[in-house]
Amino acid sequence: MGFLDNLLGWMRQNIAVCILSVLLFSFFISTIALAVRKNNLIDELETCQALVNPTTTAPPSGLQYRLPKNVVPYHYELLLHPNLEDQAFTGSVTINIGVTGTTNRVILNSYKLDISSVVLKSSSQSLDTTHQLDEYYQSLVVELKSGNLEHTNYTLEIEFSGSLADKNIGFYSSKYKRISDSSDVTIASSKFQPTYARQAFPCFDEPEFKATYTISLVRPSTNGYVALSNMPQKDETPSGSEVTVTFEQSPPMSTYLAVFLVADFKFEEIEIDTLTGDKFTLAIHLPDGLQEKGKYGLDVAKAVMDHHIKYFNIDYPLPKLDMAAIPDYVSGATEHWGLVTFRETSLMFDENEGSTRNKQRVAQTISHEMTHMWFGNLVTCKWWNDVWLNEGFASYIQYKGLTAYAESIGDDWKMDDQFLIETLHGVMELDSKVASHPINQEASTPDEITALFDSIAYSKGASLIRMLEGFITKEVFQSKVHNFIKDNEYKAVVTADFLHAMDKDSAVNVSEIMLTWLEQKGYPVITVKKSSETTYELSQGRFLLNPDSKDKETENSPFKWHVPITYKSDVKNSDAVLWLKPTDNNLQVNLEASSNWIKINNDQVGYYIVNYDNWNELIIKMNAVTPNDNTFTAMDRAQLLHDAFKLGDSRTITYDIPMNLTNYLLKSNETEYVPWSVVTSKLTSLYRLYVSFGESWNMQTYIHSQLEQIYAYIDPTTSSANDDHLKKLLREKIMNLACTVNLGKCIKYVNEEFNNYLNNIGKDEGKPDLDIRSVVYYHGMRSVINREDWQAVFDQFEKETDPQERAKLMEALAATMETSLLQRYLQIAQNRNGPIKKQDYVSVMQYISNNPNGEDIVWDYVRNNWDAITDYIDINDRTLGRMIPYITARFHSQERLKQLEEFFQKHPNAGAGAAAREEAKETIEHNIKWVEHNKPAIDAWLKDNVPTSM
């Protein structure tokens, strides 16, 4: 919005300063050319005058972000007519509504639509009404000229139009190049979650308002165009060069689950068995010529759906399930019921182009969206503050679907192990900061709602569900989930409904336990002290990454949890859950025999970290672990590494403890992927920090020594197609670290492979091995300093049709150390008509910022071009909101902190990134303290432990 629009919105939200606004009115009129908007401004100021009257607590309009509950929809008859050539659409909707409370108007959502006609009808006649759009509240108000609506049913008929162009939310156009002739093809698709259905048709755009739908779409009759929606096609009516396709009536569903696609895609399909013995079709829709890239996704979806139908013991409720890859897509995927839409990289997979990591990520996204067919679609959160019920559940159950797929092909991907590094550890980083928030958090505005779709909802939600399953057992959890879905199918629910279902016939009070985790942000650190030869004393306290952080909420929250305790020791193991309660000062664990060590939280199922007063005993045990020693699982070892580094980062323990712990990697010949993934991430961060200080030699030498054995194990010159799934993932992870720290063997191999690629660019025989291709591209590009070679790779990126290969090249282009090339890449990315898609603009900025030579380039660009950036990428976009903490995550100086604060002052409207800004500031403050406290300790440790020769 422009200056005046911002002012009007601000006045509505800031009653206390309205009087001052009135006094300043004459100043604005005399100094700013606002003649065209003068009447609107006067209206706003009159509203402000009314607001200061203590008897008036709401604007005269009575509008709010939330819709009133006195009118509810129960059926939509919707027609959409996209004009692909003109990049526009028209439509009409008839909404059957019921009036349940006294009112003289109907309020629904509409945004960025032109309304041409509104008719409100009773059973016998059209009513005399007026209608008005309110852009601020994204509402359409239909009001009776006199009298009130009766407590009965009505129909609301609306005709409207909108644009398909220059957006990737709502109803929009997307383009791709046809493989057969390289011609440009335009399609129309939709993306509604969470508040974008209102940009496609006027509707009651809140998840609680479930209704049935009869949808019709107009498609071209030529060039192979098809129309798809939630339900199967019922009939079609040709008219000249177009065809109107009408679909069967849907079951009750929320607006964000409606979906429309008009495209020239081709499909492959298979059948899925149901519990009753019937079948339904599962199909994948892709542009012509790309069908081979869909076979893997179809196989994954079948295996996951077969598993989920049995796991939930509830049939998939619709008569068909489609999946489609959309060329321009802002999310990874969206769970539209009956037609799941994906970004191309999240659905398409070519065995000749995609890596093992690509393979797993595609399967993970598919499994996540398939889970939503039950949890999210069949049962839906009533309001977005409970979005964790949708996303947390899907983010956990997806791992069961992935395991089922791996088993179906005779493989073991150890997804239970991978949960720690893929989901748990990442969110614990955010949740250890004051800038975090509780899972249950109120939200009203579209910006606030969008911001709720973060790692707290997805990953913490998943972690808490995993913990819940852990203490009530898998079998009991599965049974209760079935009952919960069955009891609430086609309904909207709140968190309490889920917890009550878990409570029923349970041995523990699930609600009491879980509310301590859902209503408080953060998590505990469990402190373990040996109180006697046989006994350990456990206590809890909130873990903060920066213990100096000030939390305004501290006084309002006890920050105490019901903590499930399991343990292993040298004399006794226990999977039976002990409880450390909020009211307990401590918990005594008696091993009944003399003990040297205890390790708490088996497989890190509990959402907490653990500190010990005898870390040295655990380090001794870790150093003695052999490949056949099952004392600590791979998850246990990963947890010990994770917890030690987190405690060191928070200055809770001295940094020599996590550094000493890493020595076990060599002594015990660690070869498991998950523990190494924890270590490689941390060592990469430490190395980059030392590079920024120009003091990297000792750290580099230490990391080289740690890599000696593991690099020989994953040696790319001896790799085999028969290597298992996790070894392939490990090879990529180790090579990335090895090349980052300039390990000679890795650099030599990568440069040879990359030069071979450059010499054969565009030819299949020149491409590196699939599973380390991203490593070769990225680290090979680090040595590219001339424009010709960089341009050759960029030209190949433009020509590339495989989405995974294209993504690898897009990231690699940001790896060059030549700043002029990085600046050129940024210029290309900001070109709205250029080869970088809108959906990838933020990603390119992040890729460049991840390059030490690009960090300043991106930071300066963002600070100086924020208005242009937010004109291109809506400030409501959560990807944009998350960009600020990403590109500033490694800042560690007062100067950088000051720059960040000045940037926030200059651009106060954070949109969906308000919480992310707080996180960014807190991270820099933590980094400053970290350097002051931990770097001298690590310097001393390196001096004492780095080998004198290599």
Side-chain angles (χ1 to χ4, degrees), residues 78-92 161-168 170-191 200 215-248 258-269 281 283-295 297-298 320 322-329 336 338-344 347-348 350 798-803 806 833 835 837-839:
L78 175 64
L79 169 68
L80 285 176
H81 185 172
N83 186 319
L84 300 179
E85 184 175 345
D86 292 344
Q87 296 283 282
F89 67 93
T90 58
S92 62
S161 60
S163 173
L164 296 170
D166 298 323
K167 58 181 182 175
N168 50 17
F171 194 32
Y172 67 97
S173 65
S174 181
K175 294 183 179 181
Y176 73 94
K177 285 190 178 294
R178 185 180 284 119
I179 289 180
S180 60
D181 58 9
S182 296
S183 60
D184 289 329
V185 180
T186 301
I187 68 171
S189 62
S190 61
K191 204 287 186 191
I215 293 170
S216 297
L217 294 176
V218 178
R219 64 166 175 85
S221 59
T222 58
N223 297 321
Y225 274 89
V226 297
L228 299 173
S229 187
N230 305 87
M231 299 296 289
Q233 179 175 316
K234 181 180 180 181
D235 55 48
E236 57 182 34
T237 305
S239 178
S241 60
E242 295 178 320
V243 176
T244 299
V245 179
T246 300
F247 302 92
E248 295 176 9
V259 61
F260 322 123
L261 177 62
V262 176
D264 65 339
F265 288 177
K266 309 299 180 186
F267 71 94
E268 300 280 343
E269 67 179 12
T281 58
I284 188 166
H285 299 257
L286 300 171
D288 192 20
L290 297 178
Q291 277 60 51
E292 283 296 315
K293 298 180 188 295
K295 290 184 176 179
L298 204 57
K320 61 95 175 176
D322 293 327
M323 301 184 293
I326 310 302
D328 299 284
Y329 206 70
H336 305 116
L339 172 54
V340 182
T341 49
F342 296 77
R343 186 179 288 204
E344 290 177 331
L347 181 62
M348 292 159 57
D350 187 335
E798 280 198 272
K799 298 173 187 175
E800 185 57 58
T801 58
D802 182 80
R806 184 178 170 89
N833 299 314
K837 294 182 178 182
K838 182 177 183 178
Q839 68 191 31

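Just so it is clear, the structure is predicted and the values come from calculations on it, not from any experiment.
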Report the residues that fulfil side-chain hydrogen bond (donor to acceptor under 3.5 Å, both in side chains) with [X], sequence neighbours left out, ordered by chain and then residue number.
X    : answer
D322 : H285, K320
D235 : none
K293 : D350, D802
K234 : none

Practice problem: Establish, from distance only, whether the side-chain atoms of S190 and Y172 form a donor-acceptor pair under 3.5 Å. | Solution: no
So, using side-chain contact (heavy atoms from CB on, under 4.5 Å) as the criterion, who are the partners of [X] when residues are at least two apart?
X    : answer
T186 : L84, Q87, S173, K175
T801 : none
K838 : N168, Y872, I873

Self-check item: S221 side chain to S241 backbone, donor-acceptor under 3.5 Å
Solution: yes
Determine whether [X] and [Y] make a side-chain contact, defined as any pair of heavy atoms from C-beta on separated by less than 4.5 Å.
X    : Y    : result
L286 : M348 : yes
E344 : R806 : no
F171 : P82  : yes
I187 : P327 : yes

Tell me every residue that passes salt bridge (charged side-chain N to carboxylate O under 4.0 Å, His left out) with [X], counting only those two or more places apart in sequence or in another chain.
X    : answer
E798 : none
D184 : K177
K167 : none

In residues 259-269, what donor-acceptor pairs under 3.5 Å come from side-chain atoms, sequence neighbours left out?
| unit_1 | atom_1 | unit_2 | atom_2 | d |
| --- | --- | --- | --- | --- |
| D264 | OD1 | Y176 | OH | 2.5 |
| D264 | OD2 | Y176 | OH | 3.0 |
| D264 | OD2 | R178 | NH2 | 3.0 |

Quiz item: Can you name the residues that form a ring pair (Phe, Tyr, Trp, His ring centres under 6.0 Å) with Y225, not counting sequence neighbours?
Solution: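 Partners of Y225 by the ring pair (Phe, Tyr, Trp, His ring centres under 6.0 Å) criterion come out as none, since no residue qualifies.
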